[in-house]
*Asks:* 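Let me give you the structure first, and then I'll get to my questions.
The analysis underlying the following values was restricted to heavy atoms, covering all of them including side chains, and did not include hydrogens, waters or symmetry mates. Order of appearance sets the numbers: ligands from 1, and atoms from 1 within every ligand.
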Amino acid sequence: MNSWVNSAEILGSDLPLELSGTGNRRALLMDALREAVRSGRLAPGTRLPPYRSLAADLGLARNTVADAYAELVAEGWLAARQGSGTRVAERAAPVTPVHRPRTPERVARPVHDLVQGQPDPSVFPRTAWLASARRALAAAPDDAFGPGDPHGRPELRRALSGYLARVRGVRAAPERIVLCSGAAHGLRLLAEVVGGPWAAEEYGLPFHRELLASHGVGTRPLGVDADGARVDGLTRHDRAVLLTPAHQFPTGGPLHPERRAAVVDWARATGGLVVEDDYDGEFRYDRQPVGAVQGLDPEHVVLLGSVSKSLSPALRIGWMVLPQRLVAPVVAAKGEREPFSSATEQLTLADFIESGAYDRQVRRMRQRHRRRRDQLVAALHARAPHVRVTGIAAGLHAVLELPPGTERSAVRAAAWQGLAVEGLGDYLHPGAEHRTVAGAPCVPHRDGLVVGYATPAESAYPEALDALCRSLPPVSPPAPPQPPAAP
Ligand SMILES: Cc1ncc(COP(=O)(O)O)c(C=O)c1O
């Protein structure tokens, strides 16, 4: 009989392990145990032998086994529970992704989800949305059921015009608004109408860069620091610049007021276009919302917005507030009919905004996100005070700054905890690694985790935070050995 068959039954007292190599016995034991878990020899939930019996079998001190178990518990490989000994942790195994080579630690079926991106789907305001849908359908004119105008339903453009002016300081006559299926669709249309090349923040959504590239628009990385994008790096060769001024994505700061003015000056001087991705502008916690750059100069700025963060990315409703000269070309680029977003959904959203339901939902979500953010900050303060959390004044995510060189191991440790979370490096423009500053090569990457705190259901959030804290590197890596003092 294969000696590993029924291992879960016999491991209460017996775990043959070969400690290969020389050196620290605890480290060798940890390697052997990790390998046994990784290979599947020790299945999740399997109880490990008591310290004393394993120590006797392997000729080790009892404390060596105890220390090895404790470290593997801290790393998430094992779980210790009072009264039931130490077991192999119940967690999803990391898998190598097909589409995301930068995150080989991506979790196949995460138990916990702190990947930034979407609001908790369980809080979609179904009742209020249904009420708006009923009213909108009952009141819809017959032409709403025709082939559709690519400009978008006038009811929604009017509703957005008032809402965006009131909440975001956007100067948007309804004729300047073209409805689309989200920011991604807006970018696609702008790529076609404006052409390239563009500049883009060196930290940004890879999907957006890839989407622009697939429509023939290359992007050049623009440095990002604590005051947002380094717009002084723009040149007259850039046709457009893609920015996230309210809450730099994903590092988290607002664009400095002087840079807001400077980017508008650049656009005026060169005829370039500022593309303002206002993806989470309504979710500001510590002060009044930072208004949209578009309000400074509507003839040189396009504002992109959508309900993906405020309601749901499933609705696929977004808007572009365009300079006058771009309205007709963008509508033409959409085609003669509206093939992208449903007129009845547009009418529903118009009612949702006009009836005040949208404001109520945003306020409710703002409170909830702020509470989540505070829980995250409190958990880190208590359990990982050495980890700085930044970008928390707004949005649905925060950045945890990590010691240099620890990002990938933290993402890997998270995967072993069944926690899906992404590293800051996943958002770095590939060209940024080759950027030079004052003629010297400069690698701008900062180690960090991008933690989306909005997605988990209320009941799942504390455990997700717990898994996150367990994934973080310890206080500080050991100091490198000092060279001997010169004689
Ligand atoms: C930076 C950024 N911009 C915009 C969006 C919204 O995209 P869309 O409107 O295409 O869903 C997202 C994702 O939700 C995002 O992360």
*Asks:* Okay, side chain of His151, backbone of Ile177: is any donor-acceptor separation there less than 3.5 Å?
*Replies:* yes

*Asks:* Would you say ligand 1 has an N or O under 3.5 Å from any N or O of Ala183?
*Replies:* yes

*Asks:* I'd like to know whether ligand 1 has His208 as a neighbour, heavy-atom separation below 4.0 Å.
*Replies:*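 Under 4.0 Å: yes for His208.
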
*Asks:* Relative to the heavy atoms of Phe249, which atoms of ligand 1 are at a distance of less than 4.0 Å?
*Replies:* 1 (C), 16 (O)

*Asks:* Look at atom 5 (C) of ligand 1 and say which protein heavy atom is nearest, naming residue and atom and giving the distance to 0.1 Å.
*Replies:* Tyr279 CB, 4.0 Å

*Asks:* Set out, in order, the CA-CA distance, both residues' side-chain angles and the distance that settles ring pair (Phe, Tyr, Trp, His ring centres under 6.0 Å) for Tyr163 and Tyr358, then state yes or no.
*Replies:* CA-CA 10 Å; Tyr163 176 80; Tyr358 191 72; 5.1 Å; yes

*Asks:* By number and element, which atoms of ligand 1 are closer than 4.0 Å to a non-hydrogen atom of Gly182?
*Replies:*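 What qualifies from ligand 1 is 9 (O), 10 (O).
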
*Asks:* Do other residues, nucleotides or ligands put more than 12 heavy atoms under 6.0 Å from Arg316 CZ?
*Replies:* yes

*Asks:* Would you call Leu205 a ligand 1 contact, heavy-atom distance under 4.0 Å?
*Replies:*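 Yes.
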
*Asks:* So, is Gln116 polar-close to ligand 1, with some N/O to N/O distance under 3.5 Å?
*Replies:*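 By distance alone, the answer is no.
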
*Asks:* Show the atoms of ligand 1 that are less than 4.0 angstrom away from any heavy atom in Asp277.
*Replies:* 1 (C), 2 (C), 3 (N), 4 (C)

*Asks:* Return a yes/no value for Ser308: is any of its N or O atoms, backbone included, closer than 3.5 angstrom to an N or O of ligand 1?
*Replies:* yes

*Asks:* Less than 4.0 Å is my threshold; does some heavy atom of Arg316 fall inside it relative to ligand 1?
*Replies:* yes

*Asks:* Are any side-chain N or O atoms of Arg284 and backbone N or O atoms of Gly281, one a donor and one an acceptor, separated by less than 3.5 Å?
*Replies:*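 Side chain of Arg284 to backbone of Gly281: no pair is present.
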
*Asks:* Using a 4.0 Å cutoff against the non-hydrogen atoms of Ala184, which atoms of ligand 1 qualify?
*Replies:* 10 (O)

*Asks:* Please work out whether the ring planes of Phe283 and His369 are parallel, tilted or perpendicular, with thresholds of 30° and 60°.
*Replies:*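 Judged by the thresholds at 30° and 60°, the geometry between Phe283 and His369 is perpendicular.
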
*Asks:* For this output row, return yes or no: ring centroids of Phe249 and Tyr279 closer than 6.0 angstrom.
*Replies:* yes

*Asks:* Identify the closest protein heavy atom to atom 12 (C) of ligand 1: which residue and atom is it, and at what distance?
*Replies:* Lys309 CE, 3.9 Å

*Asks:* If you apply the rule ring pair (Phe, Tyr, Trp, His ring centres under 6.0 Å), what do you find for Tyr203 with His429, and how did you get there?
*Replies:* CA-CA 6 Å; Tyr203 283 99; His429 192 300; over 10 Å; no

*Asks:* Side chains of Ser341 and Gln346: donor-acceptor distance under 3.5 Å anywhere?
*Replies:*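 A donor-acceptor contact under 3.5 Å links the two side chains.
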
